[in-house]
S.K.: 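Pasting a structure here, questions to come.
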Amino acid sequence: MLNRLLFLVIFLSCASLSFAKDKTVAEDTYEYDLLVATLDNYKAPFLSGNSVVFTAKPDARFVGIAFDFENFREIHSFQLKKIYDIEGEVTHSFFFYILDLPRDISDIEYRLVIDGLWTTDPLNPRTVYKPASGVTLSRLQLNRNLLPETEIKKNTATSANESGTVRFVYRGQPGQHIRLGGTFTNWDSWIYELTETMPGIYQLDLPLPPGTYYYAFYNGSASMVDVSNPERGYTADGKVASVITVK
């Protein structure tokens, strides 16, 4: 019992210190907030610019991560993100942690801490066994099998260009049929369907005259706000919708 209490005190202390440190990262830059806005589900770790995004399923009370380049001395806390539909109801949630890469790091070995248990990352199939310690670690090779920065910037956010064309972008699971509806269609969601340009990334380029538009994505009968666009508004019937302005 004494050993368990001692472990809990140490574990909570590490998690608390790590969360305080990591919270400053979330407040640091606009790019961090934009990257968080694009996250829509748990998936394998991926590279975005100079950051690596780790995610985890929501079926735990606490998820943390420790890295080899810190000699596993610090446990960094994941944060919980909730995804809402157009009516403001939570559709699903997941944990995430964003790592700012040290300049001299090319490979990362790490372990997760899920509700106090050390484990490899279930979403990352790459592991390495360390005979000296008898421990298996999750591994990331940053020069391979990760989404490059140019594709992240091009594909992750809905935006309007100078010619008045809006590129609507939805990120989710591959193989879906994602539709678009808004004030420009009188909320008819069966006029436009997005094209899956990469696995799990859907796009539609739509020319619109100058003005402010409300819109949402649709999958079957479910409607969803655009997580890549932080601008929100209320429709005439009181529902939450994404908002974009064409100049």
Side-chain angles (χ1 to χ4, degrees), residues 15-58 62-65 67 74-86 88-103 105 108 123 140 142 146-161 166-173 178 182 198 200-203 212-217 223-234 240-247:
S16 177
L17 289 172
S18 175
F19 180 79
K21 177 181 178 181
D22 295 338
K23 186 177 179 181
T24 61
V25 177
E27 298 171 350
D28 196 20
T29 64
Y30 169 78
E31 290 186 359
Y32 178 94
D33 294 333
L34 180 60
L35 179 55
V36 172
T38 67
L39 303 180
D40 57 6
N41 211 339
Y42 55 84
K43 61 190 70 177
F46 65 91
L47 182 66
S48 175
N50 196 44
S51 301
V52 177
V53 180
F54 301 88
T55 59
K57 295 181 180 181
F62 174 85
V63 180
I65 189 169
F67 299 103
E74 187 169 5
I75 299 173
H76 302 271
S77 303
F78 279 53
Q79 298 181 54
L80 182 67
K81 179 172 181 178
K82 297 179 180 179
I83 302 297
Y84 299 86
D85 62 18
I86 196 171
E89 299 294 330
V90 177
T91 58
H92 65 283
S93 61
F94 56 94
F95 288 101
F96 74 93
Y97 176 78
I98 298 177
L99 169 69
D100 286 336
L101 288 172
R103 292 184 178 180
I105 297 297
I108 295 176
L123 301 178
L140 283 179
L142 300 179
L146 295 174
L147 198 60
E149 179 181 6
T150 53
E151 292 185 359
I152 285 286
K153 290 184 176 179
K154 182 177 70 174
N155 292 292
T156 56
T158 295
S159 60
N161 62 29
V166 178
R167 170 163 289 181
F168 293 95
V169 180
Y170 173 85
R171 296 184 64 197
Q173 297 298 318
I178 304 300
M198 296 176 60
I201 297 179
Y202 304 79
Q203 292 183 358
T212 297
Y213 301 93
Y214 290 57
Y215 69 96
F217 295 124
S223 60
M224 303 161 288
V225 293
D226 184 352
V227 298
S228 76
N229 177 8
E231 297 298 322
R232 300 283 187 270
Y234 290 93
V240 179
S242 296
V243 181
I244 193 163
T245 299
V246 179
K247 298 180 179 180

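Any value given below was found using the heavy atoms of this structure, including those in side chains, with hydrogens, waters and symmetry copies removed.
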S.K.: Mind checking the CD1-CZ spacing from Ile178 to Phe168? Nearest 0.5 Å is all I need.
M.R.: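 So the CD1 of Ile178 and the CZ of Phe168 are separated by 14.5 Å.
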S.K.: Scan side-chain atoms only and decide if Thr38 and Ser228 contain a donor-acceptor pair under the 3.5 Å cut-off.
M.R.: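 No.
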S.K.: Assess, by modelled atom type and distance only, whether the side chains of Thr158 and Asp226 contain a donor and an acceptor separated by less than 3.5 Å.
M.R.: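 Yes, Asp226 and Thr158 have a side-chain donor paired with an acceptor closer than 3.5 Å.
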S.K.: Does any non-hydrogen side-chain atom of Ile65 lie less than 4.5 Å from one of Leu99?
M.R.: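 No, side chains not in contact.
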S.K.: Are any non-hydrogen side-chain atoms of Tyr84 and Val240 less than 4.5 angstrom apart?
M.R.: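 Side chain of Tyr84 against side chain of Val240, heavy atoms only: no contact under 4.5 Å found.
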S.K.: Any side-chain heavy atom of Leu140 within less than 4.5 Å of one from Leu47?
M.R.: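 No, their side chains stay 4.5 Å or more apart.
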S.K.: How close do Leu123 and Pro45 get, counting heavy atoms only, and between which atoms?
M.R.: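 So the minimum-distance heavy-atom pair works out to O-CD, 4.0 Å.
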S.K.: Work out which heavy atom in Arg232 is nearest to a heavy atom in Val227; give both atom names and the distance.
M.R.: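 In terms of heavy atoms, the two residues are closest at NH2-CA, 4.2 Å.
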S.K.: Looking at OG1 of Thr245 and OH of Tyr213, how far apart are the two atoms once the value is rounded to the nearest 0.5 Å?
M.R.: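 The distance works out to 9.5 Å.
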S.K.: Taking Lys81 for the side chain and Phe96 for the main chain, is one N or O donor matched with an acceptor at less than 3.5 Å?
M.R.: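 Not at all, since once roles are kept as given, no pair shorter than 3.5 Å links the two residues.
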S.K.: Please work out whether the ring planes of Tyr97 and His76 are parallel, tilted or perpendicular, with thresholds of 30° and 60°.
M.R.: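 Answer is tilted, since the angle falls between 30° and 60°.
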S.K.: How close do Pro58 and Ser93 get, heavy atom to heavy atom, and via which atoms?
M.R.: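 So the two residues come closest at CG-O, 3.1 Å.
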S.K.: Search all heavy atoms of Phe95 against all heavy atoms of Lys57 and return the closest pair with its distance.
M.R.: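 That closest heavy-atom pairing would be CD1-O, 3.3 Å.
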S.K.: Enter the distance from Ile98:CD1 to Phe54:CZ here, rounded to the nearest 0.5 Å.
M.R.: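 Rounded to the nearest 0.5 Å, the CD1-CZ separation comes to 10.5 Å.
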S.K.: How many angstroms lie between atom OG of Ser51 and atom OH of Tyr32, to the nearest 0.5 angstrom?
M.R.: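 So the OG of Ser51 and the OH of Tyr32 are separated by 9.0 Å.
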S.K.: For Ser77 and Phe62, which heavy atoms make the closest approach, and how far apart are they?
M.R.: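 Closest pair (atom of Ser77, atom of Phe62, distance): OG-CE1, 3.5 Å.
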S.K.: Is the backbone N or O of Val243 less than 3.5 Å from a side-chain atom of Asn229, with the two atoms forming a donor-acceptor pair by type?
M.R.: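 Such a contact is found between Asn229 side chain and Val243 backbone.
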S.K.: So do the side chains of Ser242 and Glu231 get within less than 4.5 Å of each other, counting heavy atoms only?
M.R.: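 The answer is no, as the side chains (C-beta and beyond) never meet within the 4.5 Å cut-off.
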S.K.: Any side-chain heavy atom of Ile83 sitting closer than 4.5 Å to one from Phe94?
M.R.: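 Yes. Closest side-chain heavy atoms under 4.5 Å.
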S.K.: Quick check: closest heavy atoms across Ala160 and Val166, and the distance to 0.1 Å?
M.R.: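 Residues Ala160 and Val166, closest heavy atoms: CB-CG2, 3.9 Å.
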S.K.: For the OG1 atom of Thr55 and the CG atom of Leu39, what is their distance to the nearest 0.5 Å?
M.R.: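 So the gap between those two atoms works out to 8.0 Å.
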S.K.: Can you list the steps and then say if Thr91 with Met224 is a side chain to side chain contact (heavy atoms under 4.5 Å, CB included)?
M.R.: CA-CA 9 Å; Thr91 58; Met224 303 161 288; 5.8 Å; no
